[in-house]
Amino acid sequence: MRYSDLFTKTIKEIPADEAARNAQLLIQAGFIHKEMAGVYSYLPLGKKVLDNISQIVREEMNAIGGVEIELSILQNKDIWEKTDRWDDEKVDNWFKTKLKSGTELGISLTNEEQLANALRAFVSSYKDLPVYIYQIQKKFRNELRAKSGLMRGREFLMKDLYSFSRNQQEHDEFYEKAIEAYMKIYKRLGISGATYRTYASGGIFSKYSDEFQTLSEVGEDTIYIDEAQRIAINKEVFNDEVLGELGLSESELVEKKAVEVGNIFSLGTKYADALDVFYTDEKGNRKSIIMGSYGFGISRMMGLLAEHFADDKGLIWPEEVSPFEVYLALLERDKKTAGKAEELYHKLQEKGVAVLFDDRDVRAGEKFADADLIGLPFRVVVSEKSLKAGGVEFKKRTSKETEILTPDELVKRLTSS
RNA sequence: CGGGGUGUGGCGCAGUUGGCUAGCGCGCGCGCUUUGGGAGCGCGAGGUCGGAGGUUCAAGUCCUCUCACCCCGACCA
């Protein structure tokens, strides 16, 4: 893509109404636009990042048998009343609206009820199970106080998977597979070293739920880490009894701030029972379906990555997430240099390298500053100077060193590994 | 929801105890010069001061109400 086709602009000054580093950087670099508190629009670069994170999550969910769907956002009140999760006294962060007729509707904040209910149309036998269904979709939560940029919004992108199993063992096996899949995702995102499987409150369904917490100063959660075992425990369930059960010793634990980047729950049969979702087993018996839910905040992850991988010059995207792989900067716009840059731009695209081609008529310093701020993994400069030196200048975002490569060497470098 | 803070061109800000046609920087447009780390000079466009009401000869400056945004706390199934 050509920089001149992005309609966004980077800005020099830090937005005054954002204190969160992730929002400051993403706004400065033109990835997002703030609409109101806790509500952001995603601009071309930001949209690509969301898509890239989504794709990683999608691949790992598919790998464990997930099937992608897209549920409606408008919610039928009747279904939620069956599980007693409609009343504002019970669930206080609903957004609700009304039909012209006066009928109340909910705006999706999670989807257990809806999907369990829909399942009645398709699942009735043990032969139909298990199923693992997920979607990547906006969620809306009427938070009393939005904060920390993308970390806690009122509208956010989330992957939510729901598992429907025939018995506890089948559920437990999938649950463990889901944990492994989550770990793979964090690895691909480049944050596995800072991310811990964390025991947290399981709510009313099971003793614990599993959270995935990434260490960060902006985190809202406090966790206690056992570094040797690579597990952690959320402060909300921290007590001697729990420590004993998990085989953790208080002396080994270190207190840290962290961001919840995933949370998976065993839900038992509550939803299925309340909504009358059963299956018939091999012997003709009516059985309850066991559910689990597996959340992953895509937009929150974008905020976390922005915060986690950044320096004083700007963002530093992990390769799999970066909106483009290469920032190609043309310095002088004379015919010869521009021609070489155009040639390289097309060549890289042919080879499948995602390039952001800065063809604007601005000074070198501005291009370098933008390249750093936007934070693509690699920067390539085509200039009189580089051509004289025998090619193009190549630099990693994380390195100070540059090297001169021929166009062929560059292509090779970017297409290997 | 409790406490604290802030709303002035697209962005960041300044506007003394109310007083003349509301300023500055960035950005934007034009011209000349410049050209490898967000250039320099000149000219120019752009705001009615979050909104409503009030006090006053006079309100961006004072009062009342209201909306929005940020931070801390509470909340987060």
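This one's a predicted model, so the numbers in the text were calculated from it and none came from an experiment. Hydrogens, waters and symmetry mates play no part in the numbers below; they use all other heavy atoms, side chains included. In what follows, chains are A, B, ... by sequence order, proteins preceding strands, each numbered from 1.
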Does rG44(B) pair with anything, Watson-Crick or G-U wobble, both distances under 3.5 Å, and if so, with which nucleotide? rC28(B)

Per K147(A) side chain, nearest of listed nucleotides rG37(B), rA77(B), rC71(B): rC71(B)

For the side chain of A16(A), counting heavy atoms from C-beta on, which of rG12(B), rG37(B), rA77(B) is nearest? rG12(B)

Taken to the nearest whole Å, CG/N263(A) to C1'/rA77(B) is 11 Å

Across all strands shown, which nucleotide pairs with rG53(B) by Watson-Crick or G-U wobble geometry, both distances under 3.5 Å? rC63(B)

Kindly say whether, by distance alone, the side chain of D17(A) makes a donor-acceptor pair under 3.5 Å with the base of rG7(B)? no

Does K159(A) pair with E60(A) as a salt bridge, N-O distance under 4.0 Å? no

Would you classify E18(A) as touching base, sugar-phosphate or nothing, given that sugar-phosphate means primed atoms plus P, OP1 and OP2, and contacts are heavy atoms under 4.0 Å? nothing

Using heavy-atom distances to pick each residue's nearest nucleotide on RNA chain B, tell me which of A20(A) and L331(A) is more 5'. L331(A)

Categorize R333(A) for me: base, sugar-phosphate, or nothing, with a 4.0 angstrom heavy-atom threshold over every strand shown. nothing

Salt-bridge contact E320(A)-K184(A) (side-chain N to carboxylate O under 4.0 Å): no

rU21(B) pairs with which nucleotide, Watson-Crick or G-U wobble, both distances below 3.5 Å? none

Before accepting this row, confirm whether a basic side-chain N of the pair K96(A)/E104(A) lies closer than 4.0 Å to the acidic partner's carboxylate O. no

Carboxylate-amine/guanidinium proximity below 4.0 Å for K77(A) and E113(A): no

Respond yes when some side-chain nitrogen or oxygen of K12(A) is under 4.0 Å from OP1 or OP2 of rG27(B), and no when none is. yes

With no hydrogens and no angle check, just 3.5 Å: does a side-chain donor-acceptor pair link S201(A) and E236(A)? no

Pairing check on rA39(B): which nucleotide meets the Watson-Crick or G-U wobble criteria with it, both distances under 3.5 Å? rU33(B)

Side chain of T10(A) only, heavy atoms from C-beta on: which candidate in rC71(B), rG38(B), rG37(B) is closest? rG38(B)

Taking only Lys NZ, Arg NE, NH1 and NH2, and the carboxylate oxygens of Asp or Glu, determine whether D408(A) and K347(A) approach each other closer than 4.0 Å. yes

Test: D311(A) and R397(A) ion pair at under 4.0 Å: yes

Side chain of R145(A), heavy atoms from C-beta onward: which of rG73(B), rG38(B), rC70(B) has the nearest atom to it? rG73(B)

Per nearest nucleotide of RNA chain B, the residue lying toward the 5' end, K313(A) or E143(A), is K313(A)

Between rU48(B) and rU8(B) - C1' atom distance, rounded Å: 10 Å

Under 3.5 Å, is there any donor-acceptor pair linking the side chain of E366(A) to the base of rG37(B)? no

Check every strand shown and say whether A369(A) touches a base, only sugar-phosphate, or nothing at a heavy-atom separation below 4.0 Å. base

Let's see if you can work this out: which of rG37(B), rC26(B), rA77(B) has an atom nearest to the side-chain heavy atoms of E13(A)? rC26(B)

Looking across every strand, which nucleic acid part, if any, lies under 4.0 Å from L109(A) by heavy atom: base, sugar-phosphate, or nothing? base

Between F296(A) and the options F156(A), F212(A), Y186(A), the ring-ring contact (aromatic ring centres under 6.0 Å, His included) test singles out Y186(A)

What contact category does S148(A) fall into here, base, sugar-phosphate, or nothing, at under 4.0 angstrom with non-hydrogen atoms? sugar-phosphate

Can you confirm whether or not the ring centre of Y327(A) sits under 6.0 Å from the ring centre of F368(A)? no

State whether R363(A) places a side-chain N or O below 4.0 Å from either non-bridging phosphate oxygen (OP1 or OP2) of rU35(B). no

With a 4.0 Å heavy-atom cut-off, tell me which residues in residues 21-42 of chain A come close to RNA chain B, sorted by residue number. K34(A), M36(A), A37(A)

In the structure shown, which nucleotide is the Watson-Crick or G-U wobble counterpart of rG73(B), with both distances under 3.5 Å? rC1(B)

Could a donor-acceptor pair under 3.5 angstrom be found where the side chain of D92(A) meets the base of rA77(B)? no

